[in-house]
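These notes are about the structure you will find just below.
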Amino acid sequence: TEIYTLSLHDALPICGAGASMEEIIGKMVVDFLERLPEDFNLFDIKSRIGPPENLTPYLIVMNQECEKMNILLGTIRKSLGDLQLGLQGALNISDAMDAQMKSMFMDQIPAMWMKEAWRTLKSLPVWFFDVLERCTMLKNWSDSLMMPPSLWLAGTSNPMAFVTAVMQVTARAYKWALDEVETFTEITTLDWDQSEGQPDEGAYIHGLYIEGARWDREAGELRDSILRDLAPQMPIIHLIAIPAKERRMKDYYDCPCYYVSQRGGGNPPGSYVFFGQLKTSEPTVNTLYGVYQYKWVLAGVGMLLQIE
């Protein structure tokens, strides 16, 4: 169900064409506070998990995500409450509150929220919708203590932690050394909502897009982009762990996956998440550093967890 969030452009008709910034921000504050979900009851979640031996790597990731979301929700709730009191004259407007109002007025995410959030290039209304969707996923996961049929990888604030959890679970099952294990991706033909359950090994993940090329489902391989289709959706991906010595590179493109379209560095951990292996019929080249498919490297092909 689509969740509507109020932005500057939505607030203008409500407040009137001549509305002041304070009136517009006041409407946005009320809207955000009404839609903001309650904090996760971490004590209840941990009590339902039971003794420490029940705490799997996947449940550890879920707990960490809920804890981080609680910090963000608390920051948003307190800052909006203070701002509401300031607009009502019950509190003095501080420099931080003034900066928050200016950011909200420009449909930008306030800096104090971003300190507790994840890397993103989204505008405030789209980002707030994203927060609500993440909360829904985490609530379903924490209520059932079962992973969703396919995990929305982009809905986690630390996707690399989940990728590592897949390697940990597999390494424990086969008694492999964790530092000798790496991930491998098998691309399914399933749309994001078509999975009926997680596989016996590894995990189904979705929420990824591809930039610089497209995935041909019928051929089951990487192909050239279609004009104006800049970032098509990838199907559900089966993320598995394999021994590093069994790494398959011939006929595969080692595709980097980034958190946002702005690739590279930035605040830790930056934008890079992991490498996915995509089948290709393009010729490969053996170099001193490994096997490469220069066509896709030169095209800058990469997968993205978020598009703006």
Side-chain angles (χ1 to χ4, degrees), residues 3 5-8 25 28-46 59-87 91 93-142 151-165 207 258-262 265-273 304-308:
I3 303 174
T5 56
L6 191 66
S7 70
L8 164 64
I25 298 300
M28 294 175 69
V29 167
V30 170
D31 178 74
F32 284 170
L33 283 174
E34 287 179 350
R35 299 176 189 278
L36 203 65
E38 294 296 322
D39 289 353
F40 292 95
N41 188 332
L42 300 178
F43 178 80
D44 174 67
I45 294 172
K46 290 177 181 178
L59 289 176
I60 290 174
V61 171
M62 183 268 291
N63 266 316
Q64 291 173 342
E65 290 293 327
C66 290
E67 289 173 2
K68 187 169 180 62
M69 184 59 75
N70 274 358
I71 295 172
L72 176 61
L73 293 176
T75 300
I76 295 175
R77 190 175 291 108
K78 184 180 185 308
S79 64
L80 288 177
D82 289 347
L83 186 56
Q84 192 171 47
L85 291 174
L87 292 171
L91 281 179
I93 300 291
S94 65
D95 291 341
M97 292 162 66
D98 186 60
Q100 181 182 349
M101 283 197 296
K102 289 177 180 177
S103 295
M104 293 176 66
F105 188 74
M106 298 299 294
D107 277 352
Q108 297 173 350
I109 306 165
M112 66 178 71
W113 299 0
M114 278 303 299
K115 287 180 181 178
E116 308 298 344
W118 44 87
R119 186 165 180 168
T120 185
L121 302 176
K122 296 179 184 292
S123 64
L124 175 58
V126 179
W127 177 83
F128 192 75
F129 174 82
D130 192 41
V131 172
L132 300 181
E133 290 287 279
R134 289 167 187 252
C135 288
T136 299
M137 179 189 73
L138 289 175
K139 185 177 188 311
N140 293 337
W141 192 357
S142 60
L151 184 83
W152 177 32
L153 188 64
T156 60
S157 60
N158 185 6
M160 192 58 213
F162 182 79
V163 174
T164 303
Y258 299 97
Y259 208 78
V260 293
S261 60
Q262 187 180 54
N267 294 330
S271 186
Y272 167 77
V273 182
L304 307 175
L305 292 183
Q306 297 181 49
I307 55 174
E308 290 72 57

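Computed from a prediction, not measured in an experiment: that's the story for all the values here.
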What residues, two or more places apart in sequence or in another chain, satisfy side chain to side chain donor-acceptor pair (under 3.5 Å) together with D39?
-> R77
Applying side-chain contact (heavy atoms from CB on, under 4.5 Å) to S103 and not counting sequence neighbours gives Q108, P110
Please examine the side chains of M28 and F105, heavy atoms only from C-beta on, and report whether any two atoms are closer than 4.5 Å.
-> no
For the atom pair CG (L91) and CD (Q84), what is the distance rounded to the nearest 0.5 Å?
-> 11.0 Å
Indicate the ring-plane relationship of W127 and W113, choosing parallel, tilted or perpendicular according to the 30° and 60° boundaries.
-> parallel
Interatomic distance, E65 atom CD to I60 atom CD1 [nearest 0.5 angstrom] = 13.0 Å
Measure the shortest side-chain to side-chain distance between M160 and Y272 over non-hydrogen atoms and say whether it is less than 4.5 angstrom.
-> no
K122 (side chain) donor-acceptor with I307 (main chain) under 3.5 angstrom = yes
Donor-acceptor contact below 3.5 Å, side chain T136 vs main chain L132 | yes
Taking the side chain as every heavy atom from C-beta outward, state whether M104 and V29 have any atom pair closer than 4.5 Å.
-> yes
Beyond-backbone contact of N158 with W118, side-chain heavy atoms, under 4.5 angstrom | no
List for me each residue that meets side chain to side chain donor-acceptor pair (under 3.5 Å) alongside N63, sequence neighbours excluded, and say none if there are none.
-> none
Any chance you could lay out the side chain to side chain contact (heavy atoms under 4.5 Å, CB included) test for L124 and M106, step after step, and finish with the verdict?
-> CA-CA 9 Å; L124 175 58; M106 298 299 294; over 6 Å; no
Derivation of the side chain to side chain contact (heavy atoms under 4.5 Å, CB included) call for L36 and F128 | CA-CA 9 Å; L36 203 65; F128 192 75; 3.7 Å; yes
If you round to the nearest 0.5 Å, how far is CD of Q306 from CG of D130?
-> 6.0 Å
In this structure, CG of L42 is separated from OG of S142 (nearest 0.5 Å) by 9.0 Å
List for me each residue that meets side chain to side chain donor-acceptor pair (under 3.5 Å) alongside T75, sequence neighbours excluded, and say none if there are none.
-> none
With sequence neighbours excluded, residues passing salt bridge (Lys or Arg N to Asp or Glu O under 4.0 Å) with E67 | K46
In short, G207 meets A154 closest at the heavy-atom pair O-CB, 4.0 Å
Interatomic distance, T156 atom OG1 to Q64 atom CD [nearest 0.5 angstrom] = 11.0 Å
Quick one: which of L151, L153, V61 gives a side chain to side chain contact (heavy atoms under 4.5 Å, CB included) with P159?
-> L153
Closest non-hydrogen contact found for L305 with V273 is CD1-CG2, 4.0 Å
Can you name the closest pair of heavy atoms from R35 and D31 and give their distance?
-> NE-OD1, 2.8 Å
With sequence neighbours excluded, what pairs up with M101 under the side-chain contact (heavy atoms from CB on, under 4.5 Å) test?
-> M21, I25, L83, L87, I93, D98
Would a 4.5 Å heavy-atom cut-off, applied to side chains only, mark L304 and V260 as touching?
-> no
Shortest non-hydrogen contact between F40 and L138, atoms and distance | CZ-CB, 3.5 Å
Show the numbers, then the answer: is there a side-chain hydrogen bond (donor to acceptor under 3.5 Å, both in side chains) between Q262 and S271?
-> CA-CA 7 Å; Q262 187 180 54; S271 186; over 6 Å; no
Residues S157 and K68: closest non-hydrogen pair is OG-CD, 3.1 Å
Within-4.5 Å side-chain heavy-atom neighbours: Q100 and L80 = yes
To the nearest 0.5 angstrom, please state how far the CG atom of N140 sits from the SG atom of C135.
-> 11.0 Å
